[in-house]
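All residue numbers refer to positions in the sequence shown, counting from 1. All values below come from the heavy atoms of this structure, side chains included, with hydrogens, waters and symmetry mates left out. Start at 1 and go down the list; that is how both ligands and their atoms are numbered.
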Amino acid sequence: MTPRPFPVVLSAPSGGGKSTIARALLAERKDVGYSISCTTRAPRSGEVDGVDYHFLPRAEFDQRVARGEFAEWAEVHGNRYGTLRREVEKVMGEGRHVMLDIDVQGARQVVTAFPDAVTIFIVPPSVEVLVARLIGRKSESEEALALRLRNARSELLEAERYQHVVVNDDLAHAVATVVRIIDEESVKRERLPALGDEVDVVVARLVEGLVRLESSKSP
Ligand code: 5GP
């Protein structure tokens, strides 16, 4: 019995390590696909358009907002980010769960748009680790870094809105925990197709079998 595909929302403060977790999980699970977001921020070195993000000029992003193309969008750290409805529908149309690596504002909108979404908040093991990870990234200007650190505080306070909280103390352990959450959600009764239909098929076969048995017994 295959569960209906559902969105898996991963959020974390910047530097929480969620993108690394998302990448590891996607490599491990073929039944989970990724929704490539749109953003107005400039690509970091090594990032590829259409793979990491769809990098858009602000005007084009806003046109897409006006056309209602986004399932959710938000302004994060001074740039705009959004999830295209068609990205989510494409992955779920392939029968796979769709992972959304999005911020806390976007997560709230996704829960409204897709009430069956599973929400997971990734927390760093300590504030020191969070700061060290952000500084270690070296891709941000000092100003952008300070903004991300300030935002981390309000993002952490949102953790209580999520269904699941995973501490990213060790990558393999955090990935295994997210995998377990997806597996447990997949067998929830309300995510499975109507059991009644399957039971009806089995009952019909049993009745046929009984009828054959009875008729083979009769003289
Ligand atoms: P970064 O610039 O480091 O790639 O991402 C910054 C933040 O924007 C992260 O918290 C990331 O999860 C979030 N983000 C990425 N894509 C989206 C999106 O489509 N929608 C929203 N709301 N946030 C996003």
Side-chain angles (χ1 to χ4, degrees), residues 7-26 33-58 60-62 64-65 67-92 98-114 117-124 130-159 161-162 164-166 168 174 178:
V8 179
V9 173
L10 273 195
S11 298
S14 205
K18 75 177 174 314
S19 302
T20 319
I21 294 177
R23 263 197 300 277
L25 185 98
L26 289 163
Y34 186 64
S35 159
I36 303 169
S37 293
C38 294
T39 183
T40 60
R41 95 156 153 68
R44 296 191 186 114
S45 95
E47 282 185 331
V48 178
D49 187 32
V51 175
D52 299 285
Y53 281 105
H54 301 293
F55 293 99
L56 301 181
R58 171 70 183 260
E60 189 181 337
F61 190 100
D62 291 349
R64 285 173 182 248
V65 171
R67 288 201 294 262
E69 291 185 24
F70 291 113
E72 66 73 31
W73 72 273
E75 181 120 7
V76 190
H77 315 311
N79 289 296
R80 292 192 168 178
Y81 296 80
T83 303
L84 291 168
R85 284 181 203 283
R86 68 168 159 79
E87 285 280 337
V88 176
E89 280 155 13
K90 185 183 80 190
V91 178
M92 294 206 296
V98 57
M99 171 159 301
L100 311 180
D101 170 345
I102 61 176
D103 90 310
V104 292
Q105 308 166 74
R108 286 195 204 185
Q109 299 169 51
V110 166
V111 172
T112 308
F114 302 97
V118 174
T119 57
I120 306 174
F121 196 85
I122 310 286
V123 287
L130 176 77
V131 174
R133 280 190 193 147
L134 268 177
I135 292 173
R137 198 187 258 173
K138 292 197 175 78
S139 56
E140 248 71 45
S141 66
E142 248 173 55
E143 199 185 328
L145 184 63
L147 178 64
R148 280 177 183 251
L149 283 171
R150 273 198 303 277
N151 290 346
R153 182 178 176 278
S154 51
E155 286 168 341
L156 280 169
L157 295 176
E158 289 277 325
R161 290 179 180 274
Y162 286 69
H164 304 273
V165 175
V166 174
N168 184 14
V178 174

Which of the ligand 1 atoms, numbered from 1, are nearer than 4.0 Å to a heavy atom of G106: 22 (N)
Ligand 1 atoms in contact with V76 (distance to a heavy atom under 4.0 Å): 7 (C), 8 (O)
Short N or O distance, E47 and ligand 1, threshold 3.5 Å exclusive: no
Location of contacts on R44 toward ligand 1, heavy atoms closer than 4.0 Å: side chain
Residue portion contacting ligand 1 (non-hydrogen atoms closer than 4.0 Å) for R148: side chain
4.0 Å heavy-atom contact, F70 with ligand 1: no
Check: W73 main-chain N/O paired with Q109 side-chain donor or acceptor under 3.5 Å: yes
T39 side chain to N79 side chain, donor-acceptor N/O pair below 3.5 angstrom: no
Distance-minimising heavy-atom pair for A174 and N168: CB-OD1, 3.7 Å
Contacting atoms of ligand 1, where contact means under 4.0 angstrom from a heavy atom of R41: 1 (P), 2 (O), 4 (O)
Backbone N/O of L84 and side chain of E69: donor-acceptor pair under 3.5 Å: no
Ligand 1 atoms in contact with A74 (distance to a heavy atom under 4.0 Å): 22 (N)
Sub-4.0 Å heavy-atom contact, Q105 with ligand 1: no
Any donor-acceptor pair under 3.5 Å from S11 side chain to I102 backbone: yes
Which of the ligand 1 atoms, numbered from 1, are nearer than 4.0 Å to a heavy atom of K18: 9 (C), 10 (O), 11 (C), 12 (O)
Ligand 1 to E155 polar contact by distance, N or O atoms, under 3.5 Å: no
